[in-house]
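Structure record follows, encoded as structure tokens.
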Amino acid sequence: MRHKITVSGVGCCLVDILYNDISFSSESIKPYLSQGRGDGGLTPGMLVFREEFEKYCGKPFGEVLANITGGRPHSKINIGGPSIVSLINLAQLACNDNCEVRFYGRVGNDSPGGFLLSALNKMPVVLRNYKISEKDTPSTVVLSDPSWDDGNGERMFINSIGAAWDFMSEDLDDDFFDSDIVVFGGTALVPNIHDNLTSLLKKARARKAVTIVNTVFDFRSEKNDPLKRWPLGESDESYGYIDLLITDKEEALRLSGAALPEEAVEFFIGMKVSSFIITDGARDIAFYSDGKLFRKIDVTTLPVSQRITEELARFPGGDTTGCGDNFTGGIIASLVDQMTLMDCKPDLREACIWGIVSGGFTCFYVGGTYLEKNAGEKLRKIQPYYELYKHQMQ
């Protein structure tokens, strides 16, 4: 009989307000582009806090947004955030009989909060200690340019932490730490969790939970000192308690203080991260395992899905919002499926394949969260891309 896996996650969960087809080369956006790291301006692929962005622009946010978008309404409002989006994808891809997915967090007592609660209650994720705060619901305005980076697409993010300030490390109960897998996702946008990450990882490891950390652009640290590498919790001891770290290239460089991805890889290995994956948009991913959680594998690379790339060249809609989050969800879904078999150590390469096709599939719709018409729909749509990718790699 298979063992049912419990996955508990905490981290960034918010309302994404999406504006598609925003040209990052347009005259309307040029006055608001960053001139230097951490200055509060916009940079493709990076995040800035709304308050800092307003200071940088010297104008109210609404006025600036209207200038950038030409005053048009948003393209879509959706569930967003590196934690919840990855967990929803995990729950959509993993069989309910195999896995229960839980999320801990805060929401505001406002209209966006009402939308978020209503939307989350339709998802296959169990909300735990998810309380209403008097602060505003966390949100991110996402500006998306599908033509950026030679047609691969990119986004810029303007974030408001809001109610996420109210979630404390002590709000994580015993059930969280007694889960089979605990996931800390985008905690740089949940400051009181991020600042205590070392202690939380240590506690989870002591309870025998598998620990996963997926990162987000840490504007708070970038603003404090753009030349200093980003902290992860109270100390670098955090790294030794991470079973799987998932980060993109920019975040890997800033966490490690490295100038090159190869140096970041050596940093994570030296810090005793058990396994890690570094993504780079539409380019190859790099991954590594020391053999403790996944089977041992030296630093290896894998390309994106050729079939998805070919189809996207002819596809008229969608954007890249949530690609990394769904990549993470695909990784964890594969880990869960492999753990339920209990016959051997999980294969990180296999998990990466599911991450690649999950992340790529996200480009076929607007926003990170896919709204299923019925259970299993998303898995049925992604499965053929998985089979084609396996054939691609033969």
Side-chain angles (χ1 to χ4, degrees), residues 1-7 9 86-87 89-95 97-99 101 179-183 185 204-205 208-214 239 241-248 252 265 268-269 272-280 283-308 323-362 378-380 382-394:
M1 182 177 178
R2 292 187 173 190
H3 169 60
K4 187 169 185 175
I5 304 295
T6 301
V7 182
S86 62
L87 293 173
N89 188 43
L90 154 65
Q92 290 173 333
L93 298 187
C95 175
D97 293 336
N98 294 348
C99 180
V101 183
S179 303
D180 296 288
I181 300 172
V182 296
V183 187
R205 177 68 69 79
K208 308 299 183 185
V210 172
T211 57
I212 299 176
V213 173
N214 58 296
Y239 291 104
Y241 294 111
I242 299 175
D243 290 309
L244 175 60
L245 173 66
I246 305 173
T247 185
D248 74 13
V265 164
F268 295 137
I269 293 174
K272 307 299 182 185
V273 179
S274 180
S275 56
F276 59 82
I277 305 167
I278 301 175
T279 65
D280 188 14
R283 287 159 283 279
D284 291 3
I285 68 165
F287 56 98
Y288 162 88
S289 170
D290 65 4
K292 292 188 179 71
L293 172 61
F294 294 95
R295 300 173 207 170
K296 182 174 174 56
I297 186 168
D298 292 331
V299 180
T300 306
T301 62
L302 281 175
V304 297
S305 164
Q306 188 176 55
R307 174 55 68 89
I308 290 177
C323 287
D325 307 336
N326 281 276
F327 174 89
T328 295
I331 296 288
I332 304 173
S334 177
L335 172 60
V336 166
D337 287 343
Q338 293 185 62
M339 287 175 66
T340 58
L341 298 175
M342 297 184 297
D343 57 352
C344 60
K345 279 192 174 183
D347 180 355
L348 184 56
R349 185 179 185 277
E350 171 70 8
C352 285
I353 293 173
W354 276 104
I356 287 166
V357 295
S358 292
F361 179 77
T362 311
K378 190 176 187 182
L379 176 60
R380 289 192 295 272
I382 291 177
Q383 183 76 42
Y385 293 109
Y386 168 81
E387 302 296 342
L388 288 165
Y389 190 89
K390 296 281 281 191
H391 181 73
Q392 173 186 333
M393 297 311 297
Q394 288 178 354

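For the single chain, residues carry numbers from 1 onward in sequence order.
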How long is the span from the [atom1] atom in [X] to the [atom2] atom in [Y], to the nearest 0.5 Å?
X    : Y    : atom1 : atom2 : result
R283 : T301 : CZ    : OG1   : 14.0 Å
L93  : F361 : CG    : CZ    : 9.5 Å
L244 : N214 : CG    : CG    : 9.0 Å
I278 : L245 : CD1   : CG    : 8.0 Å
I242 : S274 : CD1   : OG    : 10.5 Å

Q | With L302, the side chain to side chain contact (heavy atoms under 4.5 Å, CB included) member among I353, I277, D284 | A | I353

Q | Among V357, T362, I246, side chain to side chain contact (heavy atoms under 4.5 Å, CB included) partner for F327 | A |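 Only match with F327 under side chain to side chain contact (heavy atoms under 4.5 Å, CB included): I246.
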
Donor-acceptor pair, [X] side chain versus [Y] backbone, under 3.5 Å?
X    : Y    : answer
S305 : I308 : yes
Q392 : V304 : yes
N326 : G359 : no

Q. So does K296 have more than 12 non-hydrogen atoms from other groups sitting under 6.0 Å from NZ?
A.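 Yes - once you tally the heavy atoms of other residues, nucleotides and ligands closer than 6.0 Å, there are more than 12.
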
**Q.** Atom CZ of R307 with >12 non-hydrogen neighbours under 6.0 angstrom
**A.**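 No.
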
[X] and [Y]: which non-hydrogen atoms are nearest, and at how many Å?
X    : Y    : answer
V101 : A91  : CG2-CB, 3.9 Å
F294 : K345 : O-CD, 4.1 Å
G329 : N89  : C-ND2, 3.6 Å
A209 : S179 : CB-O, 3.3 Å

**Q.** side chain to side chain contact (heavy atoms under 4.5 Å, CB included) between V299 and I269, worked out
**A.** CA-CA 10 Å; V299 180; I269 293 174; 4.2 Å; yes

Q: Taking only Lys NZ, Arg NE, NH1 and NH2, and the carboxylate oxygens of Asp or Glu, determine whether R349 and D347 approach each other closer than 4.0 Å.
A: no

Q.
Check this for me, if you would: do E350 and K390 make a salt bridge, where the nitrogen-to-carboxylate-oxygen distance has to be below 4.0 angstrom?
A.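 Salt bridge flag = yes for K390 with E350.
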
Q: Verify side chain to side chain contact (heavy atoms under 4.5 Å, CB included) between D280 and I285, making sure each step is shown before the conclusion.
A: CA-CA 6 Å; D280 188 14; I285 68 165; over 6 Å; no

Can you find a pair of side-chain heavy atoms, one from [X] and one from [Y], that are under 4.5 Å apart?
X    : Y    : answer
I382 : S358 : yes
D337 : N98  : yes
Y389 : Q306 : no
V265 : F276 : yes
V336 : I181 : yes
Y288 : L348 : no
I212 : I332 : yes
R295 : C344 : yes

Q: Output, in order, the C-alpha distance, side-chain angles, deciding distance and verdict of side chain to side chain contact (heavy atoms under 4.5 Å, CB included) for V7 and L87.
A: CA-CA 9 Å; V7 182; L87 293 173; 4.2 Å; yes

Q.
Could you go through T328 and I331, starting from their C-alpha distance and side-chain angles, then the distance that decides it, and tell me whether this counts as side chain to side chain contact (heavy atoms under 4.5 Å, CB included)?
A. CA-CA 5 Å; T328 295; I331 296 288; 5.6 Å; no

Q: Using the six-membered ring wherever Trp is involved, compare the ring planes of Y386 and W354 and label them parallel, tilted or perpendicular (cut-offs 30° and 60°).
A: parallel

Q. So, D243 and T211: side-chain donor and acceptor under 3.5 Å apart, yes or no?
A.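 Side chains of D243 and T211: pair found under 3.5 Å.
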
